[in-house]
Amino acid sequence: KNENKEGPDNNHNDFEFMENVVYNLVLEIQEKYTKTCYHNFLRVVDSMQLMHSFLTSGLLRHRIEPHQTFFLLLACLCRDLAHPGANIDFLHENGFLTEFSSIHYLHLSEAMSLIDNHTLFNDFMRPEYKKELVEIIDLLVGPRNFPYGELIAQNSFSEQALQKEHFLLLMDICSLSFIVRPFTDCQVWATNIIIEDRSTRTIHDWQTVYEAAQTFGKFKKVQAVTDRLVHAQDKIRAGYHNHAPPGIDKFVTSLINETVEPLSELLKSVDPSLHEMYRKQMNTNKMFCQAGGWSAKARI
């Protein structure tokens, strides 16, 4: 509900849903996720939590409509739908999901199917809202072809309503939400990225999995891949003997330097106060990694 919502337009009190309908939607989204160790449901919930924090604090809460807040939170939950734990190149090399040229098209296909069929969007949402939702999901979940960074960098801070370039920036920052989590949480997610990546290199006999999966529908094919990968992920994790993977500090430092810091600088143009809070926690984790904190003593 959005009663007493401060923002550019407070006349959207009709944009409300029964709690059980929203709860059912979230459960249905959860069912579309696999058990892979990084691209899973808990990861997108963590991203959604950071997005919620952004949109309900600082200046952003005055620059977005209530229904758009809901759409961005939903986009966070949908961003990795049905992700099998491997990139599209790996899947193509082994004969899986060749109908998609990008893993983002898989996520988008699952998200659009949800919007087309769930009662919340068909029975409780006005057509103009559903049309806008489809546009936002296509923008944020589908493949990226919009150079939002250049557009944001060219403009100084403004308190005008958020535009699609701002939505894209917030989505990319929230997709790496673990970077600004406490040490222990950040380390767990970074470990899971490394394990998920390495699992695809340990499996050589995919032909049997491929042949068995061909009799199933799209999501069952994804599940067949994930089941094999999760088994490999468990073996890799056990091989670390409850310690963080070698090179984890270097990995996180590089991720911050090359990807997160540039996104953080763009956030300054959107909301300086949020940028300052975000940068502070990001730098805390970065300094910890540069000091070899995880490689020296961390356990998982």
Main-chain N/O of E196 paired to Q233 side chain as donor or acceptor, under 3.5 Å: no

With a 4.5 Å limit on heavy-atom distance, are the side chains of D249 and Q290 in contact? no

Distance col, row E135:CD vs F167:CZ, nearest 0.5 angstrom, shows 11.0 Å

Without swapping roles, check the side chain of R63 against the backbone of L162 for a donor-acceptor pair under 3.5 Å. no

With sequence neighbours excluded, tell me which residues meet side chain to side chain donor-acceptor pair (under 3.5 Å) with D227. Q223

Distance-only side-chain donor-acceptor flag, Q49 / R181, under 3.5 Å: yes

Go through the steps to decide whether R79 and H39 satisfy the test side chain to side chain contact (heavy atoms under 4.5 Å, CB included), and finish with yes or no. CA-CA 10 Å; R79 65 168 293 115; H39 289 95; over 6 Å; no

Would you say that H52 contacts L72 through its side chain, given a criterion of any heavy-atom pair below 4.5 Å between the two side chains? no

Aromatic contact between F96 and H92, with the criterion being ring centroids under 6.0 Å apart: yes or no? no

Cluster link M287 to F251, ILVMFWY, side chain under 4.5 Å: no

How long is the gap from SG on C174 to CE on M171, to the nearest 0.5 Å? 8.0 Å

Quick one: does T226's side chain have a donor or acceptor within less than 3.5 Å of a partner on V222's backbone? yes

On a heavy-atom basis, the closest approach of L229 and P84 is CD1-O, 3.4 Å

Got a donor-acceptor contact below 3.5 angstrom from the H243 side chain to the H241 backbone? yes

Common cluster, L42/L25, ILVMFWY with side-chain heavy-atom separation under 4.5 Å: yes

Do N242 and R237 pair up side chain to side chain, a donor and an acceptor below 3.5 Å, judged on atom types alone? no

Tell me, do Y240 and P246 make a side-chain contact under 4.5 Å, heavy atoms counted? yes

Atom pair OH/CZ of Y129 and F121 - distance to nearest 0.5 Å: 14.5 Å

Measure across A244 and I248 and return the closest heavy-atom pair with its distance rounded to 0.1 Å. CB-CG2, 3.9 Å

Side chains of E159 and H62: do they bring a donor and an acceptor to under 3.5 Å? no

Verify, without hydrogens or angle tests, whether Q68 (side chain) and E65 (backbone) share a donor-acceptor contact under 3.5 angstrom. yes

How close do A86 and T200 get, heavy atom to heavy atom, and via which atoms? CB-CG2, 3.8 Å

Within 6.0 Å of CD in E128, more than 12 heavy atoms from elsewhere: yes

For S102 and P143 the tightest heavy-atom approach is OG-CG, 4.2 Å

Does one hydrophobic cluster hold both L74 and L27, with members joined at side-chain heavy-atom distances below 4.5 Å? no

Heavy atoms, side chains only, cut-off 4.5 Å: are R43 and Y38 in contact? yes

Taking every non-hydrogen atom, the tightest pair across N122 and D116: ND2-O, 2.9 Å

Between C37 and W189, which heavy-atom pair has the shortest distance, and what is it? O-CZ3, 3.9 Å

Any salt bridge (Lys or Arg N to Asp or Glu O under 4.0 Å) pairs touching residues 271-285, not counting sequence neighbours? E276-R279

Is it true that atom OH of Y105 has more than 12 heavy atoms of other residues, nucleotides or ligands lying nearer than 6.0 Å? no

Nearest-0.5 Å distance that lies between atom CG in L263 and atom CD1 in I179: 10.5 Å

Going by atom types alone, do H118 and N24 pair a side-chain donor with an acceptor below 3.5 Å? yes

Side-chain contact test, heavy atoms from C-beta onward, threshold under 4.5 Å: evaluate it for I173 versus L266 and give yes or no. no

Rounded distance (nearest 0.5 Å) linking atom SG of C289 with atom CD1 of I256: 5.5 Å

Got I103 and L91 here, is their nearest side-chain heavy-atom distance under 4.5 Å? yes

Is there side-chain contact between C78 and I29, with at least one heavy-atom pair below 4.5 Å? yes

Is it possible for you to say whether I195 and V230 belong to one hydrophobic cluster, with membership spreading through side-chain heavy-atom contacts below 4.5 Å? no

Applying side chain to side chain contact (heavy atoms under 4.5 Å, CB included), run through N283 and E261 and close with a yes or a no. CA-CA 9 Å; N283 285 338; E261 281 190 338; 4.0 Å; yes

Does the side chain of D123 pick up a donor-acceptor pair with the side chain of T119 at under 3.5 Å? yes

All N/O donor-acceptor pairs, side-chain side in residues 147-154, below 3.5 Å, sequence neighbours left out:
unit_1	atom_1	unit_2	atom_2	d
Y148	OH	D172	OD2	2.5

For the pair Y33 (side chain) and D80 (backbone), establish whether a donor and an acceptor sit closer than 3.5 Å, ignoring hydrogens and angles. yes

Does F124 share a hydrophobic cluster with V26, counting links as ILVMFWY side-chain heavy atoms below 4.5 Å and allowing steps through other members? yes

Walk me through it: do H67 and M125 pass the test side chain to side chain contact (heavy atoms under 4.5 Å, CB included)? CA-CA 10 Å; H67 69 281; M125 184 175 286; over 6 Å; no

K32 bridged to E28 by N-O distance under 4.0 Å: no

Set out, in order, the CA-CA distance, both residues' side-chain angles and the distance that settles side chain to side chain contact (heavy atoms under 4.5 Å, CB included) for K235 and T202, then state yes or no. CA-CA 10 Å; K235 292 180 65 176; T202 65; over 6 Å; no

Flag side-chain contact, heavy atom, 4.5 Å: T284 against F183: yes

Value rounded to 0.5 Å, distance of CG in L168 from CG in L139: 4.0 Å

With no hydrogens and no angle check, is any side-chain donor or acceptor of T98 less than 3.5 Å from a backbone partner on G95? no

